[in-house]
Amino acid sequence: MYKKNNFIKTITMLLLLILVLIGVNLFLFNRSSAERPFSLLQDQSNAVSGQNYLLKQRGGKTLKSKKATERIAVASMTKIMTALTIIENVENLEELVEVPVDIFPEIEAQGLATAGLIPGEVISYRELLYGIILPSGADAALAAVRAISGDEQFFVADMNERAAALGMKNTHFSNVTGMDAPDHYSTVEDIMRLLEYALDNETFYHVFTSLSHQSSGTNMHVDGLTFISTVISRDESLELDSGRIIGGKTGYTVDAGLCLASLAEVEGEEYLLVLAGSEGDSQSEQHNIIESRLLYNQI
């Protein structure tokens, strides 16, 4: 009887010891699992070559930032302000504009991106907005600007007035296309302020979130023009772990590096990211898009 009781006690203690060991292992596993995403986030952040970025929930709090208030060249992210200023200055976006001949020598000399317009082409302001945001067309931007203000610098003055009204305290524009210039600068914080405001405009939101657009026929293109967003023109994926990038405006100059101001939907919520100064150029791997995916996946 005594031996039997000792045997039962021994078995009981062994079972308790096994349960304790299982509990400890589960605790350590759960703790490791909880910490692993944090380590991954750190690794992903280190993989971002972009010198400046700001990630936030649309209409909500900032989630992540790096040198967000540093003055930088912003390349074609400038065209967000160009497009917004056009929208706010044109009462009827279906009004037609004739593309002037004399904008093309500067475009060619500077090697600026175009939307494929031809001198003398007659096209609406609305179609020009797609040409500005999607293929980043300097021809579309300058055609609209000249029709509205007669001179680029008059229009730029309006852009700077709007920037001041929006509280973009570290921003000054000197052109409508985003060419590098000493007095053409902003910050990712200011571009974020601009983007968030612009997206509240229904017309801008629709253009910004269109990845392609077929224009109506014109006198020079009877079947219309096809505008493809530079966000997808290099076949980079916009898919995220729990969502998708749904719109964006890329940019590149020597001073600015690769840039991207974008809007993404993650688990049913909208998020904004402005990224600048990524490595590469317009012909290289598009690190602005790759790194934007990395940052969005940290949400």
Side-chain angles (χ1 to χ4, degrees), residues 48-54 66-86 106-115 129 131-142 144-145 152 155-156 159-160 162-163 168 170-195 198 204 207-208 227-234 236 245 247-263 272-292 295:
V48 174
S49 69
Q51 297 301 301
N52 311 82
Y53 56 78
L54 179 61
K66 176 183 177 183
K67 297 181 183 178
T69 60
E70 180 179 58
R71 280 188 182 182
I72 55 171
V74 291
S76 284
M77 292 192 295
T78 298
K79 294 188 180 88
I80 297 171
M81 178 62 89
T82 305
L84 177 66
T85 306
I86 291 168
E106 179 187 3
I107 290 172
E108 292 174 6
Q110 298 292 336
L112 302 179
T114 68
L129 288 172
I132 292 166
I133 295 297
L134 274 58
S136 201
D139 50 353
L142 291 169
V145 164
E152 182 179 1
F155 190 88
V156 168
M159 290 169 60
N160 285 319
R162 168 50 68 194
M168 298 169 66
N170 290 302
T171 295
H172 187 271
F173 299 110
S174 65
N175 60 77
V176 302
T177 57
M179 290 187 298
D180 289 333
D183 57 346
H184 191 93
Y185 57 83
S186 188
T187 67
V188 294
E189 181 180 69
D190 277 2
I191 296 298
M192 177 65 76
R193 187 184 299 270
L194 168 63
L195 178 60
F204 182 89
V207 173
F208 192 79
F227 300 134
I228 304 296
S229 173
T230 52
V231 175
I232 61 169
S233 61
R234 297 293 299 280
E236 284 292 348
I245 297 173
K249 181 71 201 77
T250 63
Y252 171 76
T253 64
V254 173
D255 289 350
L258 286 170
C259 307
L260 177 62
S262 60
L263 169 68
L272 305 174
L273 173 62
V274 178
L275 170 71
S278 290
E279 64 183 12
D281 57 39
S282 57
Q283 301 304 312
S284 72
E285 195 171 17
Q286 297 302 285
H287 293 281
N288 50 347
I289 299 173
I290 295 167
E291 294 171 6
S292 291
L295 289 167

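Start at 1 with the first residue, then count along the sequence.
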With side chain to side chain contact (heavy atoms under 4.5 Å, CB included) as the test, would you mind laying out the steps for Leu275 and Val48 before giving the verdict? CA-CA 10 Å; Leu275 170 71; Val48 174; 4.3 Å; yes

Please walk me through it: do Phe208 and Leu195 pass side chain to side chain contact (heavy atoms under 4.5 Å, CB included)? CA-CA 10 Å; Phe208 192 79; Leu195 178 60; 3.7 Å; yes

Given the rule in the side chain to side chain contact (heavy atoms under 4.5 Å, CB included) test, do Val188 and Ile72 qualify, once you have shown the distances and angles that lead to the verdict? CA-CA 8 Å; Val188 294; Ile72 55 171; 3.9 Å; yes

- [ ] Please report the C-alpha distance between Ile133 and Phe204 in whole Å, then the side-chain angles of each, then the deciding distance to 0.1 Å, and finally whether the side chain to side chain contact (heavy atoms under 4.5 Å, CB included) criterion is met.
- [x] CA-CA 9 Å; Ile133 295 297; Phe204 182 89; 4.2 Å; yes

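With a 4.5 Å cut-off on side-chain heavy atoms, Glu285 and Glu236 count as touching. No side-chain heavy atom of Ile191 sits less than 4.5 Å from a side-chain heavy atom of Thr187.
Of all heavy-atom pairs between Thr177 and Leu112, the closest is OG1-CD1, 4.2 Å. Scanning all heavy atoms of the two residues, the minimum distance from His184 to Thr78 falls at NE2-OG1, 2.8 Å. Closest approach of Asp255 and Ala73 over heavy atoms only: CB-CB, 3.8 Å. Heavy atoms only, all atoms of each residue included: Ser174 and Ala181 are closest at OG-CB, 3.6 Å. Annotation for Ile245 and Ser262: closest pair CG2-CB, 4.1 Å, computed over non-hydrogen atoms. The nearest pair of heavy atoms linking Ala141 to Val176 is CB-CG2, 4.4 Å.
No side-chain donor-acceptor contact under 3.5 Å links Arg193 to the backbone of Ala163. No donor-acceptor pair under 3.5 Å is formed between the side chain of Gln110 and the backbone N or O of Glu108. Side chain of Asp190 to backbone of Asn170: a donor-acceptor contact under 3.5 angstrom is found.
Donor-acceptor pairing under 3.5 Å is recorded for the side chains of Thr253 and Asp180. No hydrogens or angles considered: nothing links the side chains of Ser278 and Asn288 as a donor-acceptor pair under 3.5 Å. Side chains of Lys249 and Ser229: a donor-acceptor N/O pair is absent below 3.5 angstrom, by distance only. With hydrogens and angles left out, the side-chain atoms of Ser76 and Lys79 include a donor and acceptor closer than 3.5 Å.
The line from CG of Leu142 to CD of Glu106 is 6.0 Å long, rounded to the nearest 0.5 Å. Annotation: the span from Met159 atom CE to Leu194 atom CG amounts to 8.5 Å, rounded to 0.5 Å. From His287, atom NE2 reaches atom OG of Ser292 across 12.5 Å, with rounding to the nearest 0.5 Å. Note: Tyr185 OH to Thr171 OG1 = 8.0 Å, rounded to the nearest 0.5 Å. How far CG of Leu54 is from CE of Met192: 4.0 Å, rounded to the nearest 0.5 Å. Between the CG atom of Leu273 and the OH atom of Tyr53 there is a distance of 9.5 Å, given to the nearest 0.5 Å.
Paired with Thr82 under the rule side chain to side chain contact (heavy atoms under 4.5 Å, CB included), one option of Ile86, Ile80, Leu84 passes, and it is Ile86. Considering Thr230, Ile290, Ile289 as possible partners of Leu260, the one that fulfils the side chain to side chain contact (heavy atoms under 4.5 Å, CB included) test is Ile289. When the options Glu189, Glu70, Arg71 are evaluated for a side-chain hydrogen bond (donor to acceptor under 3.5 Å, both in side chains) with Asn52, the one that passes is Glu70.
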